[in-house]
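All remarks here apply to the structure that follows.
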Amino acid sequence: MIIEIQETPDTNVVNFFPPIPLLRQGTAEFIDAKSIRKSPLAEHIFDLGGIVSLFITTEMVSVTKEENASWEELKPMIMAEIMDYISTGEDVVTSSSSDEANIIGQITSLLNARIRPAVKKDGGDIKFINFENGIVSVEMQGACKGCPYAMRTLKDGVERILKTYIPEIKEVRNLDETNN
């Protein structure tokens with residue numbers, strides 16, 4: 001079984017892509033002892049030590065480590081935990097909650113893991129502002145603020161990705177749009 005690994009611009013975040021989906025749909029974020037109780041896989045990875053958070057989608061596990069932890073040590077152990085878990089055939093998340101706080105956590109995790117690295121490559125950034133009534137408000141920053149292609153990035157990239165993973169999202173708006 002091959003698990004692909006993707007480094008990110010943030011040296012404390014690495015994405016792992018297992019060969020089969022880990023979730024049937026949506027996303028799951030694990031950032032503390034209470035949240036990891038919902039996932040045996042998250043518990044096992046946190047037990048390795050040096051882990052700050054996990055963000056799991058149907059296709060990837062994004063792991064954030066502590067600053068002083070070593071990827072050389074963690075990567076093989078995380079891959080082993082993912083492979084062991086896949087072999088059990090059990091669900092990754094034992095109970096799910098779709099309350100607003102969970103959705104906001106999913107939004108910020110997706111922004112940090114999938115969207116911000118791409119936006120930063122173009123000299124910009126994106127900041128989560130709010131989630132209300134299915135509408136995500138963000139602020140495009142740096143080179144992306146005022147860029148003529150920012151709206152295309154927002155609609156064709158950010159909105160598409162967020163809607164794919166979080167069905168509760170209806171639209172993504174830039175802060176400038178939400179103030180009009």
Audit row: Arg116, Asp125, side chain to side chain contact (heavy atoms under 4.5 Å, CB included) steps and yes/no: CA-CA 6 Å; Arg116 288 182 78 212; Asp125 205 352; 2.7 Å; yes
Which heavy atom in Gly105 sits nearest to a heavy atom in Glu29, and how many Å separate them? O-OE1, 2.9 Å
Cluster overlap Ile45 with Met79, hydrophobic side-chain contacts below 4.5 Å: yes
Could you check Ile103, Ile107, Val158, Ile104 and say which one makes a side chain to side chain contact (heavy atoms under 4.5 Å, CB included) with Val136? Ile107
More than 12 heavy atoms of other residues, nucleotides or ligands under 6.0 Å from CD of Glu4: is that the case? no
Ile51 and Ile78, any side-chain heavy atoms less than 4.5 Å apart: yes
Residues Glu171, Lys155: salt bridge by 4.0 Å N-O rule: yes
Between Lys163 and Lys170, is there a donor-acceptor pair closer than 3.5 Å when you use the side chain of the first and the backbone of the second? yes
Under a 4.5 Å cut-off applied to non-hydrogen side-chain atoms, are Asn15 and Ile5 in contact? no
Validation row: Met83, Ile86 side chains within 4.5 angstrom (heavy atoms): no
So, do Glu81 and Leu48 sit near enough that their side-chain heavy atoms are less than 4.5 Å apart? yes
Report yes if the side chains of Asp84 and Leu41 come closer than 4.5 Å at any heavy-atom pair, otherwise no. no
Let me check something: do Ile20 and Phe16 share a hydrophobic cluster, defined by ILVMFWY side-chain heavy atoms less than 4.5 Å apart, either directly or through other members? yes
Would you say Asn174's side chain and Met140's backbone share a donor-acceptor pair under 3.5 angstrom? yes
Has Arg160 got a side-chain atom pairing as donor or acceptor with Asp156's backbone, closer than 3.5 angstrom? yes
Roughly how far, to the nearest 0.5 Å, is CG of Leu175 from NZ of Lys145? 7.0 Å
Look up atom CG in Leu54 and atom OG in Ser39, then write down how far apart they are to the nearest 0.5 Å. 7.5 Å
Side chain to side chain, Phe46 and Ile31, heavy atoms closer than 4.5 Å: no
Hey, does Phe17 have a side-chain heavy atom less than 4.5 Å from the side chain of Gln6? yes
Just verifying a value: how many Å separate Thr164 OG1 and Glu59 CD, rounded to the nearest 0.5 Å? 9.0 Å
Can you find a heavy atom in the side chain of Tyr149 that is under 4.5 Å from one in the side chain of Asp122? no
Just by distance, do the side chain of Glu168 and the backbone of Gly134 share a donor-acceptor pair under 3.5 Å? no
Between Lys65 and Ala69, is there a donor-acceptor pair closer than 3.5 Å when you use the side chain of the first and the backbone of the second? yes
Is there a continuous path of hydrophobic side-chain contacts, each under 4.5 Å between heavy atoms, that joins Val14 to Val52? no
Spacing of His44 atom NE2 and Met77 atom CE [to the nearest 0.5 Å]: 14.0 Å
For Asn12 and Glu66, which I'm curious about, is there any donor-acceptor pair between the side chains at under 3.5 Å? no
Would you name the heavy atoms of Ala150 and Cys144 that are closest together and state the gap between them? CB-O, 3.2 Å
Would you sort out whether Ile126 and Leu111 count as a side chain to side chain contact (heavy atoms under 4.5 Å, CB included), showing the intermediate values? CA-CA 8 Å; Ile126 185 168; Leu111 286 173; 4.1 Å; yes
The test is side chain to side chain contact (heavy atoms under 4.5 Å, CB included); show your working for Phe128 and Glu139 and say whether it passes. CA-CA 7 Å; Phe128 172 76; Glu139 179 182 11; over 6 Å; no
Kindly compute the distance separating CD1 (Ile169) from CD (Gln106), expressed to the nearest 0.5 Å. 8.0 Å
Tell me, with the steps shown, if Ser62 and Val13 meet side chain to side chain contact (heavy atoms under 4.5 Å, CB included). CA-CA 7 Å; Ser62 183; Val13 179; 3.5 Å; yes
Check for me, please, whether Trp71 and Val61 land in the same ILVMFWY cluster - side-chain distances under 4.5 Å, paths through other members count. yes
Gap between atom OH of Tyr165 and atom CG of Leu23 - 0.5 Å precision: 10.5 Å
Hey, are Lys75 and Glu7 close enough for a salt bridge, meaning a charged N less than 4.0 Å from a carboxylate O? yes
